[in-house]
Each structure stands twice: as structure tokens, then as C-alpha cells.
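Encoded as C-alpha cells, the structure appears first; notes follow it.
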Amino acid sequence: MANKKYILTKETAEKKLRRMALEVAERNYGEQQLVLVGIKDSGLIIARKINHYLKEVFKGEVIVTALIMDKKNPSTIVIEPAIDFNDKIILLIDDVANTGKAMLYALKPFLETRPKKIQTLALVERTHKSFPIDVDYVGLSFSTTLDEHIYVEVEGTEVLGAWMAEQTLAPQIPRE
């Protein structure tokens, strides 16, 4: 698509994912376990990449699980595999923090438990938030206009980069 404005290449995205994994390991030094919860689909791929880099530097156990929800209408949220989040350190992961809505609603299942700590991670954070979500680990913070949208491209297990498009020109994202 000729009108894609790339803001991250595959190589730069990999560097940022590795750096964020190091930050996660540093901020959670001494912990025995981390639970990475990736918001499906791209957030789950990013969670798996973070897990890959964490294996190099984090001494504790890392569990990766998927959070499945319709980001446009997040009334139903499913976590697979379901685990006990009590007294766990949870790292909620998404590809892009656009308005903060997806991450805000994704917190709902954890509010019914007693986690030790909840942290958030996004490869790209847009500076126009509509919901009160602060992202703890950010690969790239990017200012956009209200008409621009950021997309993270993934294929299989790889993050191919991120690009920006005018909302009217952006492709329709299939709903699950």
C-alpha cells in the first residue's frame, strides 16, 4: 500500500522489543514468576517475542497467556489458558496503545482477583489517550493527529514493523 508511513522497521521493532524485555527483567528483579498476557492477535505475538528475550535475562518462570476480546466492543473477555492470577505479577501486552480503551477493558478479569502487580507494555504508544491508561513499557511513543491511526504489522511469529495512516485511508481490521 503506497500510502503507508512506516514509523518502525522490523529491525528497529526487534531492538525495541529486546530493550523492553530488559526493562521488564530489571523492574522485576528477584521475582519468581511473571505472567505475560498478550491481547490477541498482535499483542500475543509481542508477548511471545518479549518472552523469547526474557529467557536470556530473567531467572524466574514466565507464563504466556492470551486475552481474547473484541477491541471495538469489549464486553466479553476470555483468557486462554485460564490461570490463577492471585499474587502474580501480570504484564498486559498490546501492539498499540491508541486510546487506552483496549487495555482498560482488558484489566477487567484481573480486578476480580488479587494480583501482586499489574504492568502494561505496548510496542507503540499514541499520545492521544481517551482513557486513563499509563503504559509502563513503551517501544515508541508517537504523536499523531486525531485522524491518524497506527498499525503494527505481524506475520506468523514476527513483528514486521509499524505504520501510520489517515483513519479514512486505513484498511478495515477484521473483527473476531
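Side chains included, hydrogens not; waters and symmetry mates left out as well; all remaining heavy atoms used.
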Please check if the side chain of [X] supplies one atom and the backbone of [Y] the other of a donor-acceptor pair under 3.5 Å.
X	Y	result
Thr113	Asn86	no
Arg27	Tyr137	no
Lys101	Lys72	yes
Arg126	His149	no

More than 12 heavy atoms from other groups under 6.0 Å of NZ on Lys108: no

Do other residues, nucleotides or ligands put more than 12 heavy atoms under 6.0 Å from the CD atom of Glu155? no

Ring-plane angle category for Phe85 and Phe110, please: parallel below 30°, perpendicular beyond 60°, tilted otherwise. perpendicular

So, are [X] and [Y] salt-bridged, with charged N and O less than 4.0 Å apart?
X	Y	value
Lys49	Glu14	yes
Glu11	Lys15	no
Glu80	Lys40	no

Under the side chain to side chain contact (heavy atoms under 4.5 Å, CB included) criterion, do Val62 and Lys55 qualify, and how do the steps go? CA-CA 8 Å; Val62 180; Lys55 287 179 184 178; over 6 Å; no

Check step by step if side chain to side chain contact (heavy atoms under 4.5 Å, CB included) holds for Val37 and Ile90. CA-CA 7 Å; Val37 180; Ile90 299 165; 3.9 Å; yes

I'd like to know whether Thr120 forms a side chain to side chain contact (heavy atoms under 4.5 Å, CB included) with Asp134, so could you lay out the CA-CA distance, the side-chain angles of the two residues, the decisive distance to 0.1 Å, and finally the verdict. CA-CA 8 Å; Thr120 54; Asp134 183 33; 5.9 Å; no

